[in-house]
Amino acid sequence: MKILVICPQIPYPLSSGATLLVYNIFKRMTSSHEIYLLSFTKNSDDTNNLKYLQDIFTNIHLVELDIPKRSIYRYIENALSWNSGFLMKEQNPEAYRIFTEKMKYLIEKNNIDMLYCQSLYMVEFVHGVTGCRKVLHIIDSNTLALRRRIHLDRDRNLLKRLRTFLWYLRVKGYEKRVMEQFDLSITVGKKDF
């Protein structure tokens with residue numbers, strides 16, 4: 001089977017739950033599958049870490065991500081938008097375009113059988129992808145985390161609590177909508193649904 005893994009960052013160094021999962025899952029699959037990686041890169045350390053991934057991934061492709069500075073206009077636009085706040089298409093349209101084009105090219109050129117989407121941040125790139133199975137692996141439910149945060153923020157000022165509650169509503173709706181795009185969704189446990 002040919003698998004394309006899309007991640008918000010390369011799965012090395014092994015310093016977070018997300019990188020540990022991707023690294024270990026696909027390390028065990030290399031003997032019987034061709035695995036490709038498409039990820040964002042933010043700094044030169046990423047290219048230095050690629051040597052640790054070459055035994056796992058048949059090909060590694062990186063898209064450079066320049067984080068635009070937050071202007072007051074972007075902050076207000078993001079606060080008033082009813083999207084999840086995750087959408088790179090709105091926040092960095094050029095990076096979105098490059099990543100999407102590269103992903104579609106890799107799927108077509110390599111006859112990819114399965115697209116593995118790691119994290120809610122990568123879901124927007126899967127929209128419109130056809131011809132392969134799509135798997136979403138959400139390590140933590142953002143909705144559940146925000147619900148816990150609302151409970152913990154009881155002693156904070158009203159404006160911060162309101163902001164967290166609005167963010168919770170946006171993310172809850174987004175999580176529910178995006179699940180329909182995938183053939184399989186993987187979460188940590190029952191509470192994360």
Side-chain angles (χ1 to χ4, degrees), residues 1-65 84 86-89 92 95-142 144 174-193:
M1 180 183 289
K2 294 182 177 181
I3 303 168
L4 175 61
V5 178
I6 60 171
C7 302
Q9 77 247 358
I10 70 163
Y12 205 91
L14 305 176
S15 55
S16 71
T19 56
L20 281 164
L21 273 171
V22 170
Y23 181 87
N24 286 303
I25 287 170
F26 292 102
K27 184 177 183 181
R28 283 157 182 75
M29 295 176 71
T30 57
S31 62
S32 54
H33 302 287
E34 275 184 50
I35 305 164
Y36 301 80
L37 175 67
L38 176 59
S39 175
F40 284 107
T41 179
K42 296 175 188 169
N43 57 51
S44 60
D45 289 343
D46 286 346
T47 53
N48 295 333
N49 288 326
L50 293 181
K51 61 186 172 203
Y52 301 105
L53 301 172
Q54 290 173 340
D55 291 339
I56 298 171
F57 299 100
T58 305
N59 283 306
I60 300 171
H61 303 271
L62 301 178
V63 173
E64 194 163 328
L65 180 61
S84 68
F86 291 113
L87 299 183
M88 186 175 296
K89 186 176 187 177
N92 196 331
Y96 173 83
R97 183 190 63 75
I98 293 169
F99 194 95
T100 304
E101 287 175 3
K102 186 72 164 174
M103 181 189 67
K104 289 179 179 178
Y105 171 77
L106 290 170
I107 290 170
E108 188 176 309
K109 179 186 175 209
N110 299 296
N111 295 317
I112 296 297
D113 300 302
M114 185 178 87
L115 177 64
Y116 173 92
C117 178
Q118 191 266 317
S119 95
L120 200 58
Y121 291 97
M122 301 308 291
V123 166
E124 69 179 300
F125 298 100
V126 176
H127 183 72
V129 170
T130 58
C132 63
R133 291 197 164 278
K134 296 176 276 188
V135 175
L136 173 62
H137 193 170
I138 299 178
I139 294 160
D140 295 311
S141 166
N142 294 61
L144 187 60
Y174 184 68
E175 276 186 349
K176 194 178 280 188
R177 283 192 315 272
V178 299
M179 294 291 181
E180 298 167 2
Q181 296 181 49
F182 292 88
D183 299 296
L184 176 67
S185 297
I186 304 167
T187 59
V188 174
K190 197 169 187 177
K191 281 193 172 189
D192 283 325
F193 284 114

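The first residue in the sequence is number 1, and the count goes up from there. Computed over heavy atoms, backbone and side chain alike; hydrogens, waters and symmetry mates excluded.
Put simply, the side chain of Lys134 gets close to the backbone of Val129: a donor and an acceptor are under 3.5 Å apart.
Sorted by first and then second residue, the side chain to side chain donor-acceptor pair (under 3.5 Å) pairs involving residues 11-22 (not counting sequence neighbours) are Ser16-Thr19.
Nearest heavy-atom pair, Met179 versus Ser185, reported as atom, atom and distance to 0.1 Å: SD-OG, 3.3 Å. Phe182 approaches Cys117 most closely through the heavy-atom pair CE2-CB, 3.8 Å. Among all heavy-atom pairs drawn from Lys2 and Asn110, the shortest one is CD-O, 2.9 Å. Taking each heavy atom of Ser119 and Pro8 in turn, the nearest pair found is OG-CG, 3.7 Å. Considering all non-hydrogen atoms of both residues, Lys42 and Asp46 come closest at N-OD2, 3.3 Å. Shortest non-hydrogen contact noted between Cys132 and Asp183 is O-OD2, 4.2 Å.
Note: Ile186 CD1 to Ile25 CD1 = 6.5 Å, rounded to the nearest 0.5 Å. Rounding to the nearest 0.5 Å gives a distance of 11.0 Å between CD1 of Ile35 and CD1 of Ile60. Once rounded to the nearest 0.5 Å, the distance linking CG of Leu37 with CD1 of Ile56 reads 9.5 Å. Interatomic distance, OG1 of Thr130 versus CG of Leu115, reported as 11.0 Å (0.5 Å rounding). Rounded to the nearest 0.5 angstrom, Asn59 CG and Lys109 NZ are separated by 7.0 Å. The line from CE of Met103 to CD1 of Ile107 is 5.0 Å long, rounded to the nearest 0.5 Å.
Counting heavy atoms from C-beta outward, Val126 and Val178 have side chains that stay 4.5 Å or more apart. Counting heavy atoms from C-beta outward, Leu65 and Phe99 have side chains that stay 4.5 Å or more apart.
Atom NZ of Lys27 has 12 or fewer heavy atoms from other residues, nucleotides or ligands within 6.0 Å. Other residues, nucleotides and ligands contribute at most 12 non-hydrogen atoms within 6.0 Å of the CZ atom of Arg133. Residue Asp55 qualifies as open at atom CG: its count of foreign heavy atoms under 6.0 Å is 12 or below.
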Requested in this report: Decide yes or no on side chain to side chain contact (heavy atoms under 4.5 Å, CB included) for Leu50 and Phe57, but give the supporting numbers first.
Outcome: CA-CA 10 Å; Leu50 293 181; Phe57 299 100; over 6 Å; no
Query raised in the report: For Ile3 and Phe26, what are the C-alpha separation, side-chain angles and deciding distance, and is it a side chain to side chain contact (heavy atoms under 4.5 Å, CB included)?
Result: CA-CA 10 Å; Ile3 303 168; Phe26 292 102; 3.9 Å; yes
Report task. Please lay out, stage by stage, how Tyr121 and Phe40 fare under the test ring pair (Phe, Tyr, Trp, His ring centres under 6.0 Å). Result -> CA-CA 11 Å; Tyr121 291 97; Phe40 284 107; over 10 Å; no
Requested in this report: Decide salt bridge (charged side-chain N to carboxylate O under 4.0 Å, His left out) for Lys104 and Glu108; before the verdict, give the C-alpha distance in whole Å, the side-chain angles of both, and the deciding distance to 0.1 Å.
Outcome: CA-CA 6 Å; Lys104 289 179 179 178; Glu108 188 176 309; over 6 Å; no
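A donor-acceptor pair shorter than 3.5 Å can be found between the side chains of Glu34 and Tyr36.
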